[in-house]
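Worksheet: one structure, shown below.
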There are 2 protein chains.
Amino acid sequence: MATPARLPRADNRLPQILDEAARLFAERGFPATTIRDIVRGIDMLPGSLYYHFAAKEDLLAAVYAEGVKRISGHVHAAIAKRTDPWQRLTAACVAHLEALLDESAYAQVVIRVRPGDVPEVAGPLTALRDRYESVFVDLIDALPLKPGVDRRALRLMLLGALNWSQTWYRPGRDDPRAIARNFVALLRKPTET
Amino acid sequence: MATPARLPRADNRLPQILDEAARLFAERGFPATTIRDIVRGIDMLPGSLYYHFAAKEDLLAAVYAEGVKRISGHVHAAIAKRTDPWQRLTAACVAHLEALLDESAYAQVVIRVRPGDVPEVAGPLTALRDRYESVFVDLIDALPLKPGVDRRALRLMLLGALNWSQTWYRPGRDDPRAIARNFVALLRKPTET
DNA sequence: GTACAAAACAAACAGTTGTTTGGTAAAGTG
DNA sequence: CACTTTACCAAACAACTGTTTGTTTTGTAC
């Protein structure tokens, strides 16, 4: 059918565009990043970007999709080794935070950009994020909890706390793994005397 | 010294500017809101805004300051009635979420806008936010907790989870008070069987 | 080597951005 | 009532925005 007449060229700079866009979207946010900012970093002209993307929002969608792919892969690799429900959840949170705070600008874009703020691609973005977060639904379903514990609230609280760490995290001072483990521990054990 | 020669006029529209700016900053974010968007809502010309503010960032700072004032007032009024440490914390979280999700566009701006994204006023914005959050430092210090519980992690987790609710909250479906109480309860009691 | 599509350049476009300037009606003060 | 200052209007500014168009280079397949 729509088989490409020829393979893409080996020297095409699509990966560089995505990398630089991810870096800037993560650092400044989507609206504050201009097309010229992105292409300046990789010695390209503004118009050339439109060979790869029809609009700025489509570039965001591509970065966002790659971000979900990476963070999702990281988390799945981490939980595959474990069998104990609590250890699996902890491993997932650690991997989530690692991707979010250290590893990947792509992952940071997924957390930083609110789909609703970009109406042109809000649908696809929300779908991608929901699909990713479904892992946590399953992980928390598998937890042996006291009857009456609200699992949805548990998930929203945990993921919210993890994601918000993006606003206060400082590389030298804080440790992603320690943060994640600390948060899970606070939910698991009672804090009260 | 710099005493104003005269009092401000009774018919000046500064309050309307602030209201409309808060509404739009909360809804679309700071960079996505234009000066023209703001003045359009109150039948004013773009240039007129610059009688009140030297730059767009200064308008944000004013909205932000008012936001901190309101959310802070709401929280302090809520905890004043209580004496039990856990009840005080719960009341503070409920008030925080009420301001954040329902009551005030000003409060939403405080949570939505990252000070670091607006370098021109990042200093004042961060100072305002830190001063507000110090209430939660005190509230959590007063809690009778098991030895070894990381109070900073507890605070960051709780506030993070509350603030992040801005991204998934839907007015009809969710209830701010229930969310806040649920989150505090999850930290207080053990969830594990 | 030649043909063809991929991927970029070069230059502009129309619209929008935050902001400035000079003028003016009117509210508040004495 | 005269006078000062407040608060705005009207119109423009230069810079920047995402995007389009026509043209050129370059890798790849035959």
Side-chain angles (χ1 to χ4, degrees), chain A residues 1-22 24-25 27-64 109 113 117-122, chain B residues 1-22 24-25 27-64 109 113 117-122:
Chain A
M1 309 292 184
T3 306
R6 197 178 294 192
L7 290 172
R9 261 159 59 176
D11 70 329
N12 97 81
R13 295 195 273 165
L14 177 59
Q16 299 180 51
I17 295 177
L18 291 170
D19 280 357
E20 188 67 8
L24 292 172
F25 290 164
E27 189 183 309
R28 313 177 187 175
F30 176 70
T33 303
T34 71
I35 299 290
R36 285 173 178 80
D37 288 338
I38 297 167
V39 297
R40 188 179 303 127
I42 57 171
D43 268 310
M44 188 181 249
L45 293 181
S48 305
L49 191 142
Y50 287 82
Y51 174 76
H52 299 278
F53 300 98
K56 192 192 173 192
E57 286 77 16
D58 295 324
L59 169 56
L60 172 66
V63 169
Y64 201 98
V109 173
V113 175
D117 287 350
V118 196
E120 297 88 344
V121 289
Chain B
M1 317 295 172
T3 307
R6 199 178 293 190
L7 290 171
R9 259 158 60 177
D11 69 330
N12 96 85
R13 295 195 272 166
L14 178 59
Q16 299 180 50
I17 296 177
L18 290 170
D19 280 358
E20 188 66 9
L24 292 172
F25 290 164
E27 187 183 310
R28 314 178 187 175
F30 176 70
T33 303
T34 72
I35 299 289
R36 283 173 179 80
D37 289 338
I38 297 166
V39 297
R40 189 178 302 125
I42 57 171
D43 268 310
M44 190 181 247
L45 293 181
S48 305
L49 191 143
Y50 287 82
Y51 174 77
H52 300 278
F53 300 99
K56 191 191 173 192
E57 286 78 14
D58 295 324
L59 169 56
L60 172 66
V63 170
Y64 202 98
V109 173
V113 175
D117 287 351
V118 196
E120 296 89 343
V121 290

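Here is the naming used below: chain letters follow the sequence lines, and residue numbers restart at 1 for every chain.
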Residues within residues 43-59 of chain B bordering DNA chain D, heavy-atom distance below 4.0 Å: B:Asp43, B:Met44, B:Leu45, B:Ser48, B:Tyr51, B:His52

Side-chain N or O of A:Arg13 less than 4.0 angstrom from OP1 or OP2 on C:dC9? yes

What is the per-nucleotide protein-contact pattern of nucleotides 23-30 of chain D, from the 5' end, where B denotes a base atom under 4.0 Å from a protein heavy atom, S denotes such proximity for sugar-phosphate atoms only, and - denotes neither? ---BBB--

Which pairs count as ring pair (Phe, Tyr, Trp, His ring centres under 6.0 Å) when at least one residue sits in residues 43-63 of chain B, sequence neighbours excluded? none

Those residues that, when tested against A:Leu45, pass side chain to side chain contact (heavy atoms under 4.5 Å, CB included) (two or more places apart): A:Ser48

Go through the structure and list residues passing side chain to side chain donor-acceptor pair (under 3.5 Å) with B:Glu57, not counting sequence neighbours. none

OP1, OP2 of D:dA7 versus side-chain N and O of B:Asn12: anything below 4.0 Å? yes

Identify, with sequence neighbours excluded, every residue that meets side chain to side chain donor-acceptor pair (under 3.5 Å) alongside B:Asp11. B:Arg9

Closest non-hydrogen atom pair, B:Val109 against B:Ala22: CG2-O, 3.5 Å

Run the side-chain contact (heavy atoms from CB on, under 4.5 Å) check on B:Val63 and B:Val113 step by step: do they pass? CA-CA 11 Å; B:Val63 170; B:Val113 175; over 6 Å; no

Taking salt bridge (Lys or Arg N to Asp or Glu O under 4.0 Å) as the test, write out the residues that go with A:Glu27, two or more places apart. A:Arg23

Enumerate donor-acceptor pairs with a distance under 3.5 Å from any side-chain N or O in residues 29-39 of chain A to protein atoms, sequence neighbours excluded.
residue : atom : partner : partner atom : Å
A:Thr33 : OG1  : A:Leu24 : O            : 3.4
A:Thr33 : OG1  : A:Gly29 : O            : 2.8
A:Thr34 : OG1  : A:Arg36 : N            : 3.4
A:Thr34 : OG1  : A:Asp37 : N            : 3.0
A:Thr34 : OG1  : A:Asp37 : OD1          : 3.4
A:Thr34 : OG1  : A:Asp37 : OD2          : 3.2
A:Asp37 : OD1  : A:Arg40 : NH1          : 3.2
A:Asp37 : OD2  : A:Arg28 : NH1          : 3.0
A:Asp37 : OD2  : A:Thr34 : N            : 3.2

Near DNA chain D, under 4.0 Å by heavy atom, which residues of residues 27-39 of chain A? A:Thr33, A:Thr34, A:Ile35, A:Arg36

Closest heavy-atom pair and its distance - B:Arg13, B:Asp43: NH1-O, 3.1 Å

Checking A:Asp19 now: which residues fulfil salt bridge (Lys or Arg N to Asp or Glu O under 4.0 Å) with it, not counting sequence neighbours? none

